[in-house]
Amino acid sequence: MTNKDIIKGFRLLTQLMELHGANPFKTRAYSTAIQSMENAGTPLIGLNNDELIALGFSKTMAEKLVNWFSSGTLDDLEELKEKTPEGVIDMMGLSGVGPKKIAALWKELEIDSLDKLKVACEENKVQTLKGFAAKTEAKILQQVDFLKENKKRLHYAKAEKFAEVIVAFLEEKGIKNSLAGELSLKREVVDTLSFTVVAESSSQLKTSLSEFNQLILDEAKSSPLTVRGELVETGTSVEFFVCREEEFIKIAFQKSAAPEHLSLRGSADYPTLRDVLNKTEYSSIEDIYKNAGLPVFPVELREGEEYVGDFIKNGIPTLVEDEDLKGSLHNHSDYSDGQNTLREMAEYLKAKGYEYLGISDHSKTAFYANGLSVERIEQQHKEIDALNKELAPFKIFKGIESDILNDGRLDYDDDVLATFDFVVSSIHSPLTMDKATATARLIKAIEHPATTILGHPTGRLLLRREGYPIDHKAVIDACAKHGVIIEINSSPWRLDLDWRWAKYALDQGVKLSLNPDAHAVEGYADMHYGLLVGRKAGLTKEMTLNAMSLEEIETYFKSRKK
DNA sequence: GCCGTTTTCGGCCCGACTGTTTTCAGTCG
């Protein structure tokens with residue numbers, strides 16, 4: 001049981017307490033315990049009473065935790081779960097609908113599932129409740145549809161984990177295979193896990209797969225050349241395209257690309273990729289592309305986006321690789337809401353062979369994330385200076401993730417902003433804005449001379465919430481004009497800037513930074529996911545900010561401050 | 001549930017924003 005699991009359990013517990021009308025001060029005591037968990041900085045499992053109390057837990061909370069660790073159940077939670085239908089717990093995932101509103105829906109309209117909630121909204125029954133009106137009802141309906149639609153979909157990072165397990169099973173069975181569809185294309189969200197596999201027949205494959213207990217096969221959805229099913233754990237669709245050994249290269253290629261990609265050809269003198277594939281067998285992917293008069297597209301680029309035409313015309317750039325990344329920018333320490341100390345964040349990255357760390361804790365307005373006061377900035381800068389002496393030639397850059405305030409201003413006075421090596425400017429709240437407001441707010445921040453990097457441009461959380469709408473062109477153009485770099489926030493939940501806009505940014509000469517937004521040392525690894533989507537837009541080493549060497553980026557940051 | 005005593009009980013308490021109201025409750029970062 002990780003700290004994350006423990007926090008999750010306590011979060012659900014506080015929500016259920018609120019739902020069942022517990023004394024709010026009692027609920028607060030549990031919330032305080034969650035705070036202590038987040039700040040613990042060490043695995044809690046197995047700690048005894050005294051050790052927990054030393055970490056700031058109260059006597060009662062320490063006791064509850066110790067009991068949980070030894071018995072395996074959190075009694076308070078089990079008790080409340082018993083009293084709450086599962087569907088009501090599902091409903092708690094709706095944003096903008098808290099425990100009070102859930103209680104009203106449940107107790108007064110007897111709604112205890114997302115399905116029933118959807119029907120009640122459609123029948124306009126929800127707006128009859130006190131405290132609800134047409135606008136709230138519409139918002140709830142939109143949310144329910146969003147949740148239902150996304151329930152079986154996975155973030156790429158999670159899909160990749162499942163894919164690894166499936167591939168390991170196939171390998172163990174000696175079944176030749178290749179990733180296909182959204183997995184091979186590294187799409188940010190995956191609806192279906194697709195694989196091309198070699199088998200004598202689909203029935204032979206089914207026999208093998210029947211031993212795989214994480215998958216339920218679906219006969220009705222399967223066809224002679226495709227075996228379909230779903231993951232037991234999430235209900236996500238899985239499909240296997242069956243082919244013979246001699247067709248493997250051709251079919252694996254065909255299934256790796258977006259359908260629109262197969263309509264490409266070098267010029268009118270050539271057949272399309274689709275026509276090429278229909279003709280004969282091929283011994284290599286190079287051969288397939290050559291026959292269509294095309295350069296070889298790396299797998300991430302096998303999309304049908306309009307800009308793919310540029311790659312045909314101008315050639316395909318050498319895409320950035322994980323090994324090209326020399327440092328990591330936009331990271332949090334326990335000065336704000338990170339899990340690890342500044343030293344831990346730095347030493348870990350140094351040990352991994354990187355040259356520099358950009359630390360950018362939250363700014364003062366983000367008090368929910370323990371944002372930094374001017375005094376604490378000074379304190380952090382002193383610590384950075386000391387660590388830099390100790391860890392040289394590794395270097396920590398002084399940064400901040402400055403909130404972009406409602407009116408587009410940054411979160412500190414100019415003289416404070418001037419003390420940083422770099423500033424990541426991001427919007428955190430409020431997030432509800434129309435396109436014109438959001439765009440103007442961003443552009444004002446981009447125009448501020450202190451802004452080095454624009455953070456997560458739309459604020460989206462994939463599968464959880466849509467970002468605020470922005471005029472991408474206007475925002476990117478403003479970055480180009482003011483020399484501001486845009487991050488691809490590499491958290492699998494964000495991947496924001498979206499890759500569909502990254503090519504436009506690159507064409508305007510705007511560099512991108514693959515920023516993990518790490519809140520713990522494990523978070524650095526997310527840079528890989530930003531890199532994958534960056535590659536989908538043709539991102540090169542030269543256009544990646546954190547592919548600069550220490551010397552280069554040091555010079556760059558200095559030049560920006562003039 | 002926590003805290004601190006005028007010590008075992010009563011008060012504790014983020015603030016901005018939204019959508020619902022007609023002065024405020026609920027939600028959220």
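Numbers restart at 1 for each chain; the letters A, B, ... are given by sequence-line order, proteins then strands.
Nucleotides B/dT20 and B/dA25 have their C1' atoms positioned 8 Å apart, rounded to a whole Å. With both ends at atom C1', the span from B/dG11 to B/dC24 equals 23 Å, rounded to whole Å. A distance of about 14 Å separates the P atoms of B/dC3 and B/dC14, rounded to the whole Å. Annotation: B/dT23 and B/dC28 have their P atoms spaced 26 Å apart (nearest Å). Across the C1' atoms, B/dG15 and B/dT5 are found 30 Å apart, a figure rounded to whole Å. Distance noted for atom C1' between B/dG10 and B/dC17: 32 Å (whole Å). Of the C1' atoms belonging to B/dC13 and B/dG1, the separation is 14 Å, rounded to the nearest Å.
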Letter per nucleotide, 5' to 3', of nucleotides 15-26 of chain B [B base touched, S only sugar-phosphate touched, - untouched; heavy atoms, 4.0 Å]: --S-SS-----S
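A straight line from CG of A/D517 to P of B/dG29 spans 15 Å, rounded to a whole angstrom. A/D76 places its CG atom 11 Å from the C1' atom of B/dG1, with the value rounded to the nearest Å. When rounded to the nearest whole Å, the span between CE of A/M92 and P of B/dC28 equals 12 Å. The interatomic distance linking A/R28 (CZ) with B/dC13 (C1') rounds to 5 Å, in whole Å. Atom P of nucleotide B/dC12 and atom OH of A/Y30 are separated by 22 Å, given to the nearest angstrom. The CG-C1' distance, from A/N23 to B/dC3, rounds to 14 Å in whole Å. Remark: C1' of B/dG29 and CG of A/L461 are 12 Å apart, rounded to the nearest angstrom. Atom P of nucleotide B/dG29 and atom CD of A/Q15 are separated by 12 Å, given to the nearest angstrom.
Legend: side chain to side chain donor-acceptor pair (under 3.5 Å) pairs involving residues 119-130 of chain A, not counting sequence neighbours, sorted by first then second residue: A/K118-A/E122, A/E123-A/K125, A/N124-A/E137, A/Q127-A/E137. Pairs passing the side chain to side chain donor-acceptor pair (under 3.5 Å) check and including a residue from residues 101-113 of chain A, sequence neighbours excluded, read A/D112-A/K116.
In this view, A/H448 satisfies the ring pair (Phe, Tyr, Trp, His ring centres under 6.0 Å) rule with no residue, not counting sequence neighbours. For the ring pair (Phe, Tyr, Trp, His ring centres under 6.0 Å) test, no residue two or more places apart in sequence or in another chain qualifies with A/W68. The ring pair (Phe, Tyr, Trp, His ring centres under 6.0 Å) check on A/F397 picks up A/Y356, A/F557, with sequence neighbours excluded.
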Working for side chain to side chain donor-acceptor pair (under 3.5 Å), residues A/H519 and A/D337: CA-CA 7 Å; A/H519 283 72; A/D337 61 348; 3.3 Å; yes
A/H428 and A/D403: CA distance, side-chain angles, deciding distance, side chain to side chain donor-acceptor pair (under 3.5 Å) verdict: CA-CA 6 Å; A/H428 288 107; A/D403 264 42; 2.9 Å; yes
Pair A/V424-A/L329, side-chain contact (heavy atoms from CB on, under 4.5 Å): steps then yes or no: CA-CA 9 Å; A/V424 181; A/L329 306 166; 6.0 Å; no
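Applying the 5.5 angstrom centroid cut-off and the 30 degree plane-angle cut-off, the aromatic ring of A/F25 is stacked upon the base of B/dC12.
Nucleotide B/dG10 is matched to B/dC3 when pairs are restricted to Watson-Crick or G-U wobble geometry with both distances under 3.5 angstrom.
Counting non-hydrogen atoms under 4.0 angstrom, A/T32 reaches nothing in the nucleic acid.
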